[in-house]
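Quick notes on the structure that follows.
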2 protein chains.
Amino acid sequence: MVSAPLDTIERPNAAKERLRLWIRLLRASRLIESELRERLKRDFDSTLPRFDVLAALYRQPDGMLMSDLSRFLLVSNGNVTGIVERLVKDGLVSRAAREGDRRTSIVKLTAAGERRFTEMAAAHEAWIEEFLGDVSLGDAERLSATLKTFRSNWEDGH
Amino acid sequence: MVSAPLDTIERPNAAKERLRLWIRLLRASRLIESELRERLKRDFDSTLPRFDVLAALYRQPDGMLMSDLSRFLLVSNGNVTGIVERLVKDGLVSRAAREGDRRTSIVKLTAAGERRFTEMAAAHEAWIEEFLGDVSLGDAERLSATLKTFRSNWEDGH
DNA sequence: GTATGAAATTTCAAGGTTGAAATATTGCGG
DNA sequence: CCGCAATATTTCAACCTTGAAATTTCATAC
């Protein structure tokens with residue numbers, strides 16, 4: 001007599017519990033995102049997508065291609081075009097031609113962009129601490145680990 | 001000699017851990033959202049915001065005002081106007097005048113909308129189970145509880 | 001060298017999102 | 001009744017987002 005696979009042994013409401021988890025996950029991230037959006041606008045006249053691009057570029061001082069940004073940020077190519085366009089107009093980001101391949105150009109933070117980003121990043125960290133400060137270190141570690149596992153499994157399968 | 005407040009006793013990387021938690025939370029919900037969006041489009045020629053509105057109305061057979069929807073879904077008033085407009089055009093939702101107050105109208109699912117929603121909801125549940133099936137029941141409960149606590153604290157303070 | 005397919009990017013239409021301003025209606029104090 | 005603040009909603013400009021089509025450049029087989 002073989003045993004049933006693990007998932008049929010789970011209490012029958014496991015699926016319901018995971019559905020509830022998704023709904024709460026979504027609501028939590030929307031709450032935080034909307035508060036972040038509001039404050040980025042208020043304090044820096046900026047937006048979350050712009051902040052994301054600056055953060056990505058900050059980690060790569062040698063610059064990134066448009067497609068690098070798109071892949072890293074999980075947004076479409078066409079989307080990146082518009083956001084970078086506006087950041088260039090604001091003087092926070094530069095695009096330099098790349099010899100050897102005229103299809104691409106390297107996107108980098110300007111000095112102003114780097115200054116700007118460090119200000120925004122400091123505020124951002126403080127805000128997150130304000131929002132999530134009540135989550136204990138232990139809970140944060142557990143949650144974080146679960147989400148990491150989820151994402152690894154996801155990306156292996158897709 | 002008094003002791004320092006609790007949060008200064010925590011290991012100094014607690015803030016970093018919570019920041020990491022936020023980043024993973026955001027990435028996880030974006031991954032899932034984007035997969036859901038794609039499938040709603042593919043299988044039902046619909047969108048996540050439309051699904052959200054249908055779900056809200058399904059829970060309230062007597063109908064909701066525009067402002068009820070806006071409050072419940074955490075999106076702006078103007079936003080709801082457009083989404084409901086399109087759902088009406090699709091015949092999934094109706095708006096009925098309300099005597100006694102000509103500013104408002106009651107938004108309800110039509111019979112077609114109800115049929116449509118139950119199809120979508122079944123697919124939605126299966127998809128979430130597909131995405132999150134690897135999260136154990138225990139983890140799901142813990143995570144869910146943490147997120148619920150976070151939201152309660154948040155909403156008390158804001 | 002030249003077609004031709006691959007790769008990187010841009011353009012575009014449709015929709016979602018916000019916050020602020022504009023409209024319409026109600027309710028109420030005087 | 002009349003004015004006027006409060007309430008419910010719509011309109012609007014600006015931005016974000018996607019997926020598909022168009023464009024440009026590269027690389028390679030012939």
Side-chain angles (χ1 to χ4, degrees), chain A residues 26 29-54 63-90 92-93 95-107, chain B residues 26 29-54 56 63-90 92 95-107:
Chain A
L26 184 57
S29 71
R30 282 190 181 168
L31 268 178
I32 298 178
E33 265 192 280
S34 112
E35 190 70 24
L36 283 181
R37 199 181 322 116
E38 201 175 314
R39 295 186 182 196
L40 281 173
K41 178 81 186 267
R42 184 193 65 193
D43 294 351
F44 297 99
D45 190 31
S46 189
T47 67
L48 205 44
R50 274 138 136 131
F51 177 75
D52 289 341
V53 167
L54 296 181
M64 300 174 81
L65 303 184
M66 298 299 274
S67 41
D68 293 336
L69 280 169
S70 164
R71 202 171 319 110
F72 181 73
L73 298 175
L74 308 176
V75 300
S76 68
N77 263 332
N79 192 353
V80 175
T81 298
I83 297 170
V84 167
E85 226 163 47
R86 286 166 213 122
L87 286 172
V88 168
K89 198 169 55 181
D90 292 346
L92 303 181
V93 147
R95 300 189 61 169
R98 207 170 58 128
E99 50 200 300
D101 192 338
R102 266 178 303 182
R103 290 170 302 181
T104 63
S105 54
I106 296 192
V107 184
Chain B
L26 184 57
S29 71
R30 282 190 181 168
L31 268 178
I32 298 178
E33 265 191 281
S34 113
E35 190 71 23
L36 282 181
R37 199 182 321 117
E38 201 176 316
R39 295 186 183 197
L40 282 173
K41 178 80 185 270
R42 184 192 64 194
D43 294 352
F44 298 99
D45 190 31
S46 189
T47 68
L48 206 44
R50 273 138 136 130
F51 178 74
D52 289 342
V53 167
L54 295 181
M64 300 174 81
L65 303 183
M66 297 299 273
S67 41
D68 293 337
L69 281 168
S70 164
R71 201 171 319 110
F72 180 72
L73 297 175
L74 307 176
V75 301
S76 68
N77 262 332
N79 192 355
V80 175
T81 298
I83 298 169
V84 167
E85 225 164 48
R86 285 167 213 122
L87 287 172
V88 169
K89 197 169 56 181
D90 292 346
L92 303 181
R95 301 189 59 170
R98 207 169 58 129
E99 49 201 301
D101 191 340
R102 268 180 300 184
R103 291 170 303 182
T104 64
S105 55
I106 295 194
V107 184

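No hydrogens, no waters, no symmetry mates; every other heavy atom, side chains included, goes into these values. Order of the sequence lines fixes the chain letters, A, B, ..., with proteins taken first and strands second; residue numbering starts at 1 for each chain.
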Would you indicate what A:L69 reaches in the nucleic acid, counting non-hydrogen atoms under 4.0 angstrom: base, sugar-phosphate, or nothing?
nothing
From CG of B:L40 across to P of C:dA14 the rounded distance in Å is 21 Å
Please classify the nucleic acid contact of A:L48 as base, sugar-phosphate, or nothing, using heavy-atom distances under 4.0 Å.
nothing
What does A:S34 touch in the nucleic acid at a heavy-atom separation under 4.0 angstrom: a base, only the sugar-phosphate, or nothing?
nothing
Derivation and outcome, side chain to side chain contact (heavy atoms under 4.5 Å, CB included), residues A:L92 and A:R50
CA-CA 10 Å; A:L92 303 181; A:R50 274 138 136 131; over 6 Å; no
For A:G78 and A:T104, find the nucleotide of DNA chain C closest to each by heavy atoms; which residue's nucleotide sits nearer the 5' end?
A:T104
What contact category does B:L74 fall into here, base, sugar-phosphate, or nothing, at under 4.0 angstrom with non-hydrogen atoms?
sugar-phosphate
Take nucleotides 23-29 of chain C nucleotide by nucleotide from the 5' end and write B, S or -, depending on whether a protein heavy atom sits under 4.0 Å from the base, only from the sugar-phosphate, or from neither.
--BS---
Note: A:R95 and A:V88 closest approach over all heavy atoms is CG-CG2, 4.0 Å
So which atom in A:G63 and which in A:I106 form the shortest heavy-atom distance, rounded to 0.1 Å?
CA-CG2, 3.8 Å
Tell me: CE of B:M64 to C1' of D:dT9, nearest whole Å?
16 Å
Atom-to-atom span, CG of A:N79 to C1' of C:dT11 - whole angstrom:
13 Å
Keeping B:S70 on the side-chain end and B:V75 on the backbone end, is there a donor-acceptor pair under 3.5 Å?
yes
For D:dT9, does either OP1 or OP2 sit under 4.0 Å from a side-chain N or O belonging to B:N77?
no
Find the distance B:E35:CD to D:dG19:P and express it as a whole number of Å.
10 Å
Looking at A:L65 and A:S105, what are the two nearest heavy atoms and their distance?
CD2-O, 3.6 Å
To the nearest Å, how far apart are A:R71 CZ and C:dA7 P?
12 Å
OP1 or OP2 of C:dT10 less than 4.0 angstrom from a side-chain nitrogen or oxygen of A:R95, does that happen here?
yes
What's A:R50 touching, base or sugar-phosphate or nothing? Going by heavy atoms closer than 4.0 Å.
sugar-phosphate
Passing option when A:I83 is tested against A:L73, A:V53, A:L54 for side-chain contact (heavy atoms from CB on, under 4.5 Å)
A:V53
Considering every strand and a 4.0 Å limit on heavy-atom distances, what is the contact class for B:S76: base, sugar-phosphate, or nothing?
base
Counting only side-chain heavy atoms from C-beta out, which of D:dC15, C:dT10, C:dT17 sits nearest to A:M66?
C:dT10
Taking only the side-chain nitrogens and oxygens of A:S67, find out if one of them lies under 4.0 Å from OP1 or OP2 of C:dT9.
yes
What pair of heavy atoms forms the shortest contact from B:N77 to B:M66, and how long is it?
OD1-O, 4.3 Å
d(CZ, B:R30; C1', C:dT17) in whole Å
14 Å
In whole angstrom, give the distance that lies between atom NZ of A:K41 and atom C1' of C:dG19.
7 Å
Whole Å only: how far is the CZ atom of B:R37 from the C1' atom of C:dA14?
14 Å
Do B:L40 and B:R37 come close enough that some side-chain heavy atom pair is under 4.5 Å?
no
On DNA chain C, check which nucleotide each of B:T47 and A:E38 is closest to and give me the residue with the more 5' one.
B:T47
